[in-house]
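This is a predicted model, so every value here is computed, not measured.
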Amino acid sequence: MAVAIDPPLAKSLGLHLAIVVALLFSADFSSKPEMVSVTLESEGKAPVEAVAVDQQQLNARVQQMQQERDAAKAAEEKRIRDLERRAQQAENNRTAEEARLKRVAEQKRQADAEAAKARAAAADAKKQQEQENAKAREAEQARIVKEQERKKAEDAAKAAEQKRKAEQEAAEKAAAERARQAAEAKQKAEQERAMQEQLAKEAQARSAARARQAATEVQRYTALIRDAIQRNLLVDEGMRGKSCRINVRLASSGFVTSVSVINGDKAVCDATVRAVNRAGTLPVSQDPDVYNQLKDINLTVSPEL
């Protein structure tokens, strides 16, 4: 609804509106300000239509807007202070971090240097230890070689002593064995000699007995051979008192292998040779000793009238 306002009042309202607009443009509000529409009426013209504004509400609104502006300003200032504080804190943090990084880098450099120094010291210590170990190994090897040589020498000496003792024992045993064998040989020789003497005596006795027996057997078979020839001998009165000596050779079976005349009466000798051939086989002994004396025998044949 349009309201008629007096010129002075209109001027006053226009001034207040200008102040409000100025305040609105100078402040940052999150909420949109209420728009007031005012219609002014000039002198001598038709009355101006305007919105009736309550002065008290306007003042309250202006005060509220001022408070909001002040609050926004305070908030902005606080935001700026916070930003500056955070920026300063960030700068302080950056400075502290740089200092920390420098300290860390220095500590790392020192640690690396100490580590390098420690590695160098460890390498030197290791090299020295290796040299000492090598010397110790060489010394141990030399000790082992020396110990082996000593043991070898002891073993050689022990072996030589054992060999000497063994050779001495072997020589003593050999000497004892030779003495024993000599004694046994002597005893055996004595026994053998006594035995040989005994055997010789026995053999001589047996030989004598056999010779006697063989001689008896030879005489007996000689008589048997002569009898066999006499049985096959054809005689006559012209042979009385005459004889013939012949040689007869016999096989082991008694077979006559040959007969020859040694000397004597021819008629008797011829009759004797015929008598031997007629017999063909003459008695012989199976005893070799007797046969050896009969296989080539000389006989004297005298016809029995």
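- There is a side-chain donor-acceptor pair under 3.5 Å between Q198 and E202.
- Among residues two or more places apart in sequence or in another chain, the salt bridge (Lys or Arg N to Asp or Glu O under 4.0 Å) test is passed with R240 by E237.
- For N59 and Q63, the side-chain atoms include no donor-acceptor pair closer than 3.5 Å.
- Taking a 6.0 Å sphere around CD of E154, one finds it holds more than 12 heavy atoms contributed by other residues, nucleotides or ligands.
- Legend: residues meeting side-chain hydrogen bond (donor to acceptor under 3.5 Å, both in side chains) with E91, ordered by chain and number and at least two apart, are R94.
- A donor-acceptor contact under 3.5 angstrom links the side chains of R245 and T300, judged on distance only.
- The heavy-atom pair separating M239 from P303 by the smallest distance is CB-CG, 3.9 Å.
- Partners of E197 under the salt bridge (Lys or Arg N to Asp or Glu O under 4.0 Å) rule, at least two apart in sequence or in another chain, are R193.
- Applying the salt bridge (charged side-chain N to carboxylate O under 4.0 Å, His left out) definition to pairs two or more places apart or across chains, those involving residues 103-113 are E106-R109, K108-D112.
- Side-chain contact annotation: R178 with Q181, donor-acceptor N/O pair under 3.5 Å absent.
- Rounding to the nearest 0.5 angstrom, the gap separating the CG atom in L282 from the CG atom in L294 is 10.0 Å.
- Note on residues 121-194: no pairs pass disulfide (SG to SG under 2.5 Å), not counting sequence neighbours.
- Checked against salt bridge (Lys or Arg N to Asp or Glu O under 4.0 Å), K295 has no partners two or more places apart in sequence or in another chain.
- Scored by the side-chain hydrogen bond (donor to acceptor under 3.5 Å, both in side chains) test, E130 finds no partners at all (sequence neighbours excluded).
- By the side-chain hydrogen bond (donor to acceptor under 3.5 Å, both in side chains) test, Q129 is found to be paired with N133, residues two or more places apart in sequence or in another chain being considered.
- With sequence neighbours excluded, no residue satisfies side-chain hydrogen bond (donor to acceptor under 3.5 Å, both in side chains) with D236.
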Can you give the donor-acceptor pairs under 3.5 Å from side chains of residues 268-276 to other protein atoms, not counting sequence neighbours?
| unit_1 | atom_1 | unit_2 | atom_2 | d |
| --- | --- | --- | --- | --- |
| D270 | OD2 | K266 | NZ | 2.8 |
| T272 | OG1 | V268 | O | 2.7 |

Which donor-acceptor pairs under 3.5 Å do the side chains of residues 82-89 make with protein atoms, sequence neighbours left out?
| unit_1 | atom_1 | unit_2 | atom_2 | d |
| --- | --- | --- | --- | --- |
| D82 | OD2 | K78 | NZ | 3.1 |
| Q88 | NE2 | N92 | OD1 | 3.0 |
| Q89 | NE2 | N93 | OD1 | 2.9 |

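- Between R164 and E161 a salt bridge is recorded (basic side-chain N to carboxylate O distance below 4.0 Å).
- In this structure, R100 and E97 have side chains that are in contact, with non-hydrogen atoms separated by less than 4.5 Å.
- Each salt bridge (charged side-chain N to carboxylate O under 4.0 Å, His left out) pair with one or both residues in residues 131-140, not counting sequence neighbours, appears once here: E140-R143.
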